[in-house]
Every structure is written in C-alpha cells, then in structure tokens.
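Structure, as structure tokens:
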Amino acid sequence: MRRLLRRVTCGLALVLGTAVHAQEPVLFDWFEYRGHDAAFEQPLPPGHYYNPVLTGFSPDPSVVRVGDRYYLVNSSFVYFPGLPVYESRDLVHWALIGHVIDRPSQVKLDGQGMSRGLYAPAISHHDGTFYVINTSVDSGGNFIATATNPAGPWSDPVWLPGLAGGIDPSLFFDDDGKAYVVNNGVPEGGSRYDGHRAIWMQEFDLRQHALVGPRRVLLDGGVDPATKPIWIEGPHVYKRDGWYYLMCAEGGTGPQHSEVVLRSRAVWGPYTPYSGNPTLTQRDLPSDRNQPIVNAGHADLVEAQDGSWWAVFLASRAYDRVHYNTGRETFLLPVTWKDGWPSILPKGKAVPQVVKGPALLARETQAPHSGNFTWRDDFDKPALDASWMFVRTPAQPWTDLRAHPGQLAIHPQADDLDTLHNPSFLARPQQHLAFDASTQLVAPVQANVEAGLAAFQNEHYWYAFGIHREGQQWLLTVRRHRGADSAVLATATLAKAPQHLQLKISGDGGRYGFAYDEGAGWQWLLRDVDGTVLSTDVAGGFVGTTLGPYARLLHQP
C-alpha cells in the first residue's frame with residue numbers, strides 16, 4: 001500500500017514537475033476520525049457482521065473471487081486516485097490495496113463536477129489477468145484496464161469507441177473462451193420516454209482488447225416494458241447450471257432503485273424475467289421506518305469457495321426519511337437460489353444491519369471499514385496513506401510529508417472549495433451518521449493564508465472551518481456554501497496564534513457543530529447547524545460527504 005502511494009506521489013512529480021511554492025506551507029500534526037452510530041452499538045453475535053461492509057461513499061460495487069481472495073472496486077467519480085481496489089478473505093473484512101487510476105496521465109478529471117468522472121467499474125479475472133472496465137463520462141468514454149496484480153500497477157486505459165454513448169460496461173467470460181461486454185445504451189430507434197434505456201452485448205477480443213462482431217440488444221427498457229421502466233443499467237452476466245443470468249439495476253439510483261434478473265439457455269437470449277422480480281429493493285417499505293436503508297440496488301454476485309453465493313450492492317442509510325450524507329455505501333447479503341433463480345432479499349423485508357456471515361468469516365469482530373471505529377493519521381510516514389483522496393487530479397504536488405517529519409505540510413493553492421479544479425484539500429469519506437473529525441495544526445502566520453478542516457459534498461455544498469491572520473489577531477471562521485449562497489456563519493477572534501490549534505467538526509444526522517481548542521479545552525464556535533446541506537437530497541449527485549484538512553490563499557501576495 002505504501003509502495004502504491006509512493007508511486008502516486010512520484011507519478012505526480014514526474015508528470016507535473018517539481019512545484020515551486022512561494023508560500024510557507026501549513027503544518028498539520030494529525031487527523032482523527034471517530035464514528036459512533038447507534039445502529040452499530042447493538043451487540044454483534046459470533047459469526048455475524050455489520051452492514052454496510054464498506055461504510056461511507058463507496059458506490060457501485062463490483063466483486064470477483066480469485067482462489068481464496070476477493071477483490072472489489074467502487075466508483076470514484078472525480079476523486080483521485082480513482083477506482084479503489086479492495087481485497088478480502090471473507091467478504092466482510094476489506095483492505096484497500098490500490099487504485100486502477102493512480103497516474104494523472106490516465107484520465108482527465110479537471111473541470112468536471114463531482115458526480116461526473118468515473119462511473120460504475122466492473123472487475124473480472126481470466127487466465128491470470130485482472131480486468132476493470134469502466135466509463136469516464138466526460139473525458140474519453142468507455143475503457144478497459146488490466147493488471148496481473150490487483151494492487152497495481154494497472155495499464156493505461158484502452159479506449160472502446162464502439163461503446164460511445166453507453167455506460168456501466170462489464171465483462172463476461174464464457175466456458176468456450178469467448179468474452180462479451182454488456183452495457184447500458186440508447187435503445188434501437190432512440191429513447192421513447194425519459195429514462196428509457198437498453199442493455200446491449202457485443203463480443204470482445206481479449207488479444208486485441210477490441211469489440212468485434214455485431215452489437216445486439218438483450219433487454220429493452222426493463223423487465224416489464226408495459227410499465228415504461230427507467231434506467232436499466234449496471235448489467236452483469238453469470239452462468240450457472242447451464243443457464244445464463246442477466247442481472248441489472250432498474251428504477252434509478254434513488255428510492256425506487258432495485259435489482260432485477262432474467263435468464264436464458266443461450267448467451268444471446270432471449271432472456272426471460274424472474275417472476276419474483278425485483279430480487280432486491282427497499283422501495284416497498286414504509287418511509288417512516290426506524291433507521292431506514294434506502295436506494296438498494298446495483299448488485300454483483302460472487303460464489304464463495306464453499307459454494308455459497310453472496311451479493312454486494314449499494315444502498316444508503318437515511319435520517320429524517322430522505323436525507324443521507326454518507327452517500328451510497330457497499331452492503332453484503334447472502335443469495336438464496338430458488339427454483340434456479342437468485343434471491344437476494346424477499347419483498348417487503350428491510351436490509352438487515354446485523355447479518356450471519358459466510359462460513360469463512362474471520363474471527364475478528366471489528367471490520368476496518370464497518371461498525372463504529374476510530375481512524376487516525378499521525379503523518380509519520382514518508383507518503384500519504386492510501387485512503388486519502390484529492391478532489392480531481394492535482395495540477396502540482398502540494399502535499400509534503402518529508403520536509404517536516406511527523407507533520408503534513410500543505411502548500412496552499414489559490415482555488416477555494418467551489419472550484420472545478422483541484423483545491424488544496426485532502427478528503428476522507430464521512431462513514432457514520434454520528435461522527436467527530438478533528439485535526440491539530442500550526443496556525444498560519446502569513447496574512448493571506450487560511451487553513452483548517454472542511455466538510456465537503458461537492459463544489460456547491462460544503463462547510464469550511466478555518467483560521468487566518470488579520471493584522472495581529474487570528475480569526476476563526478465557519479463558512480458555508482449552499483448552492484449560489486456563500487456566507488460566514490460564525491467568527492471568533494484569538495489574541496495570539498496558539499502553538500497548536502485543534503479543530504473539530506461533529507455531526508449527528510442533520511445537525512453539525514464546529515469546535516476549537518487553543519490549549520484550554522474544547523469550545524463550541526457553532527452548534528446545531530443545518531447538516532442537510534451536505535445530504536444528497538439537497539446537494540444532488542452520486543457522491544457522499546468527505547472530511548479533511550485544507551489550506552487556501554485568500555489573495556495573491
């Protein structure tokens with residue numbers, strides 16, 4: 001993992017050159033994140049696990065088993081490095097081992113909104129090679145990348161112009177050695193209503209990494225065309241007991257999201273829908289239920305070593321019925337085969353947050369990305385931890401862990417968090433409804449620099465809690481950006497710069513607070529602020545809230 005991040009950092013330096021910084025950097029001593037959701041306080045019986053297995057922004061999961069290991073990828077949109085790759089031995093305890101997109105030259109992300117970029121990757125493995133096929137919606141279209149080691153390095157993208165206008169591709173390897181790409185695309189003759197899409201398939205030449213032969217529609221609209229179904233997408237093809245199964249998401253990524261399945265005796269169809277569709281949804285449950293899980297869909301299936309089947313899928317944990325700040329997360333449920341059909345969850349049943357795990361479940365009770373946990377970075381390594389993300393690809397390297405050992409140095413950039421470029425902000429997902437994120441920094445002495453802690457949903461919706469110098473005083477501010485409205489919500493004046501200033505952002509559902517400690521204990525600068533600003537229901541898009549340290553130039557010197 002450390003080697004990967006060194007490669008990322010070196011790649012930035014080699015491609016972009018060594019940056020020359022006129023400003024003194026802002027120094028951060030540590031960053032800490034603590035989650036304390038009530039749902040995770042319930043006892044975890046032996047052999048059970050908590051859902052989600054990847055908390056916080058981790059949408060569109062795709063999974064593959066190779067031997068006794070499982071590998072999972074998620075969408076990353078315009079965060080960099082892109083397309084995280086996780087490894088597990090039991091489908092519950094996941095470790096981040098690399099990224100498919102870890103070099104600035106691979107994909108252009110600059111200038112795109114937060115919910116653009118890299119959509120819905122699918123991972124597969126064949127004859128010793130790993131494949132990730134993906135869509136870069138605004139810069140290049142569909143591509144495939146390969147690696148012999150899932151931790152990387154991954155190849156540069158091989159672009160697939162034949163899939164122009166399509167999204168959500170995935171690869172299927174048949175028993176006869178042939179490979180196929182299935183994807184969402186515009187139906188033959190064009191869309192007849194808003195949200196009308198089709199699932200297409202075409203053979204794929206593994207040696208040339210190219211689409212060959214005719215493209216054909218496997219599914220037009222959805223499982224029941226008479227109802228005008230919308231957004232059929234995220235297709236996967238599987239083969240079991242002589243049947244080909246086509247599984248897709250349907251209904252959009254919001255509360256009507258679902259997963260449907262069809263099958264055929266021939267790879268090209270015709271495919272017959274399952275009478276029990278959808279095989280997964282939460283749209284038929286009352287909206288006022290306790291601790292609701294919503295948006296369930298976009299699933300992928302995997303067979304374990306013992307013959308059991310499991311589904312990873314996205315869903316969201318909501319508060320106040322419709323709001324969720326943690327984005328779309330990765331959940332896991334067992335699959336039951338009934339009369340030759342895969343059933344993930346019976347209709348009318350809520351996605352459980354405590355589930356009996358696979359037979360191979362590790363004995364550790366705490367999964368590193370699930371339940372209530374504390375994560376801390378003391379910035380005592382020579383490279384950034386693999387879990388830190390940049391908002392788009394940095395135009396120049398502005399982080400440094402070597403010049404000031406034991407501290408993170410951020411060289412402030414001119415762009416604020418509302419930019420479509422790369423602000424000097426390091427991001428980690430908000431992974432709980434109730435949390436505390438804190439950091440300790442050396443207050444900047446230059447009058448044109450602000451630094452602190454941010455809670456960020458997208459370029460239009462965020463909070464920034466920072467300190468800057470005005471004359472001989474230091475000013476603490478909480479700034480809010482909500483759509484076109486930007487406001488300073490609270491200020492506090494410090495007579496002198498504290499040697500080490502601590503800042504904290506706390507959240508509990510839709511209420512956020514901002515506290516500081518200049519050496520005499522925590523003081524609240526602002527409490528009970530509207531946190532729905534950071535919810536998908538308000539901010540829109542497909543990402544979740546992220547948190548982390550930032551620095552910026554207030555004006556050019």
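What you see is a predicted model, and the numbers here were worked out from it, not measured in a lab. Note that these values count all heavy atoms, side chains included, but never hydrogens, waters or copies made by symmetry.
Looking at every heavy atom in both residues, Tyr49 comes nearest to Lys356 through CE2-O, 3.8 Å. When every heavy atom of Gly113 is checked against every heavy atom of Val78, the shortest pair comes out as O-CG1, 3.4 Å. Across Asp60 and Ser75, no two heavy atoms sit closer than the pair OD2-OG, 2.5 Å. For Ala39 against Tyr50, the heavy-atom pair with the smallest separation is O-CE2, 4.3 Å. Listed here is the closest heavy atom pair of Ala120 and Asn134: C-ND2, 3.5 Å. Nearest heavy atoms, Gln112 versus Lys108: NE2-O, 2.8 Å.
Taking 4.5 Å as the limit, every side-chain heavy atom of Phe28 sits out of range of all side-chain heavy atoms of Gln407. Residues Phe77 and Leu109 have side chains not in contact (no heavy-atom distance under 4.5 Å, counting atoms from C-beta outward).
A side-chain N or O of His421 and one of Asp110 form a donor-acceptor pair less than 3.5 Å apart. Side-chain atoms of Gln353 and Gln42 include no donor-acceptor pair closer than 3.5 Å. In this structure, a donor-acceptor pair under 3.5 Å is present between the side chains of Asn325 and Tyr512. If you check the side chains of Tyr119 and Asn142, you find no donor sitting under 3.5 Å from an acceptor. Arg552 and Ser424 form no side-chain donor-acceptor contact under 3.5 Å, judged by distance and modelled atom types alone.
Applying the salt bridge (charged side-chain N to carboxylate O under 4.0 Å, His left out) test to residues at least two apart or on different chains, the pairs with a partner in residues 312-332 are Asp37-Arg317, Arg317-Glu329.
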Next on the checklist: Could you go through Trp154 and Tyr131, starting from their C-alpha distance and side-chain angles, then the distance that decides it, and tell me whether this counts as ring-ring contact (aromatic ring centres under 6.0 Å, His included)?
Outcome noted: CA-CA 9 Å; Trp154 287 80; Tyr131 297 83; 8.8 Å; no

The test is side chain to side chain donor-acceptor pair (under 3.5 Å); show your working for Tyr79 and Thr546 and say whether it passes. CA-CA 11 Å; Tyr79 280 105; Thr546 55; 3.0 Å; yes

- Message: With ring-ring contact (aromatic ring centres under 6.0 Å, His included) as the criterion, how do Tyr71 and Tyr86 come out once you've worked through the C-alpha distance, each side chain's angles and the decisive distance to 0.1 Å?
- Response: CA-CA 5 Å; Tyr71 299 96; Tyr86 294 89; over 10 Å; no

Start with the C-alpha distance between Thr330 and Asn74, add both sets of side-chain angles, then the distance that settles side chain to side chain donor-acceptor pair (under 3.5 Å), and finish with yes or no.
CA-CA 9 Å; Thr330 295; Asn74 294 112; 3.2 Å; yes

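Two rings, from His432 and Tyr33, have their centers less than 6.0 Å apart. Aromatic ring centres of Phe465 and Tyr516: separated by at least 6.0 Å. Taking the six-membered ring for Trp and the full ring otherwise, the centers of Tyr463 and Phe514 sit less than 6.0 Å from each other. Residues Trp94 and His369 keep their aromatic ring centres 6.0 Å or farther apart.
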Which donor-acceptor pairs under 3.5 Å do side chains of residues 535-542 form with protein atoms, sequence neighbours excluded?
| residue | atom | partner | partner atom | Å |
| --- | --- | --- | --- | --- |
| Ser535 | OG | His323 | ND1 | 3.1 |
| Ser535 | OG | Thr532 | O | 2.8 |
| Ser535 | OG | Val538 | N | 3.4 |

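Using cut-offs of 30° and 60° on the angle between ring planes, the pair His236 and His298 is perpendicular.
Residue Trp375 forms a ring-ring contact (aromatic ring centres under 6.0 Å, His included) with just one option from Phe435, Trp388, Trp30, and that option is Trp388.
Remark: side-chain polar atoms of Asp90 are paired, donor with acceptor, to backbone N or O of His93 under 3.5 angstrom.
Judged as a ring pair (Phe, Tyr, Trp, His ring centres under 6.0 Å), and not counting sequence neighbours, the contacts of Phe425 are Phe456.
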